[in-house]
Every structure is written in structure tokens, then in C-alpha cells.
Amino acid sequence: MEISLYDVVKTTGECRDTFKFTYGGRRYDRLSLSEKICAGMEVSELMKRLTGRNYPVFVDNMESIDDLANVRPTGQLIMAKCVKGAELQVRPAGPIVGAMRQAA
């Protein structure tokens, strides 16, 4: 993951504000939905470490995620997943890796 907050103009040397975000060497706008979700979770963890806070994270579209092994949440993770034909359920999950295997 790489985040850039400014660009240097080659002709003038001036610094311009920008926000460029890459994940796995690819621009954010070129990522798949599952990659965008994982990238967002990693940024969330980074912000928690930088601020010293441990807040819950809500993740929507979990049906798009196959594997969360690269993301290690440090706090409460609320996952929303759409399952066609299923009734609304709210249930606690075990460790993130185990929860993802159960959902599959």
C-alpha cells in the first residue's frame, strides 16, 4: 500500500496537494471490489495505529471477499453480507479466518 499526499510539478518544482493511493502496486480506481474493501480495511488499521484509537469497523459487501488473511483487525469488525433468499441474521463470529471459512 502506498499513499501520496502531494506531487512535485516538474517544470516549477512546486508541490501540489493530491491524494494518490495504490494497493498491491495498482491504483485504487483500478482495483476490484474485494481489493478495494481489503485496501480500506488496511487503511483503517493504519489510522487506528496512528491515532492510538481502537474503534469498530463496519465492512459492507463481505460476499465479495474470499480471503482476509492479509488484514488483521485489532478491534471489533462488523461484517455485512447479502445472501439471496436468506432471512436477516445477526450473529457473533469467531476469529476472522474461521468466520470467513464458515461463511463460504
Side-chain angles (χ1 to χ4, degrees):
M1 173 175 51
E2 184 176 312
I3 299 173
S4 175
L5 301 177
Y6 66 91
D7 278 335
V8 177
V9 179
K10 291 180 182 179
T11 56
T12 64
E14 168 190 15
C15 288
R16 284 198 175 158
D17 292 338
T18 188
F19 184 83
K20 291 183 179 178
F21 183 87
T22 61
Y23 182 75
R26 296 176 32 225
R27 288 183 3 205
Y28 181 82
D29 63 340
R30 307 281 181 175
L31 299 175
S32 68
L33 178 58
S34 62
E35 290 170 320
K36 286 180 179 180
I37 292 169
C38 288
M41 291 176 70
E42 285 194 34
V43 169
S44 174
E45 289 301 316
L46 172 66
M47 295 305 295
K48 288 195 280 186
R49 281 194 311 269
L50 291 174
T51 61
R53 303 203 182 263
N54 193 4
Y55 49 82
V57 175
F58 179 86
V59 183
D60 197 3
N61 295 321
M62 286 303 293
E63 67 274 10
S64 300
I65 305 292
D66 290 333
D67 182 24
L68 285 177
N70 64 327
V71 180
R72 305 225 188 275
T74 56
Q76 184 180 26
L77 183 62
I78 303 163
M79 301 182 290
K81 179 178 182 178
C82 180
V83 179
K84 185 177 180 176
E87 292 184 22
L88 178 64
Q89 295 179 5
V90 178
R91 59 188 163 125
I96 190 88
V97 175
M100 290 307 298
R101 287 190 187 129
Q102 260 185 350

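None of these values were measured; they are calculated from a predicted model.
- Contact record, S34 with S64: CB-O, 3.1 Å, taken as the closest heavy-atom pair.
- Under the 4.5 Å side-chain heavy-atom criterion for ILVMFWY residues, no single connected hydrophobic cluster contains both V59 and I78.
- Annotation: Y6, atom OH; neighbour count of heavy atoms from other residues, nucleotides and ligands within 6.0 Å does not exceed 12.
- In terms of heavy-atom proximity, V8 sits nearest to C15 at CG2-SG, 4.2 Å.
- Atom CG of residue L33 and atom CG of residue D60 lie 9.0 Å apart, to the nearest 0.5 angstrom.
- With respect to Y28, the side chain to side chain contact (heavy atoms under 4.5 Å, CB included) criterion is satisfied by exactly one of K20, M1, K36: K36.
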* To do: Apply the test side-chain contact (heavy atoms from CB on, under 4.5 Å) to residues M79 and K81: give CA-CA distance (whole Å), side-chain angles for both, the deciding distance (0.1 Å), then the verdict.
  => CA-CA 7 Å; M79 301 182 290; K81 179 178 182 178; over 6 Å; no

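- Shown here for R30 and R26, the closest heavy-atom pair between the two residues is O-NH2, 3.0 Å.
- The CD1 atom of I65 sits 7.5 Å away from atom OG of S32, with the distance rounded to the nearest 0.5 Å.
- The cluster map of Ile, Leu, Val, Met, Phe, Trp and Tyr, joined by side-chain heavy atoms under 4.5 Å apart, puts F58 and M47 in different clusters.
- The minimum heavy-atom distance linking S44 with Y55 is given by the pair O-OH, 3.4 Å.
- Under the 3.5 Å distance criterion, the side-chain polar atoms of E63 are left unmatched by any main-chain donor or acceptor of V83.
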* To do: Might you work through the side-chain contact (heavy atoms from CB on, under 4.5 Å) test for I3 and F19, ending with a clear yes or no?
  => CA-CA 7 Å; I3 299 173; F19 184 83; 3.8 Å; yes

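- Within a 6.0 Å sphere centred on CG of D17, other residues, nucleotides and ligands contribute 12 heavy atoms or fewer.
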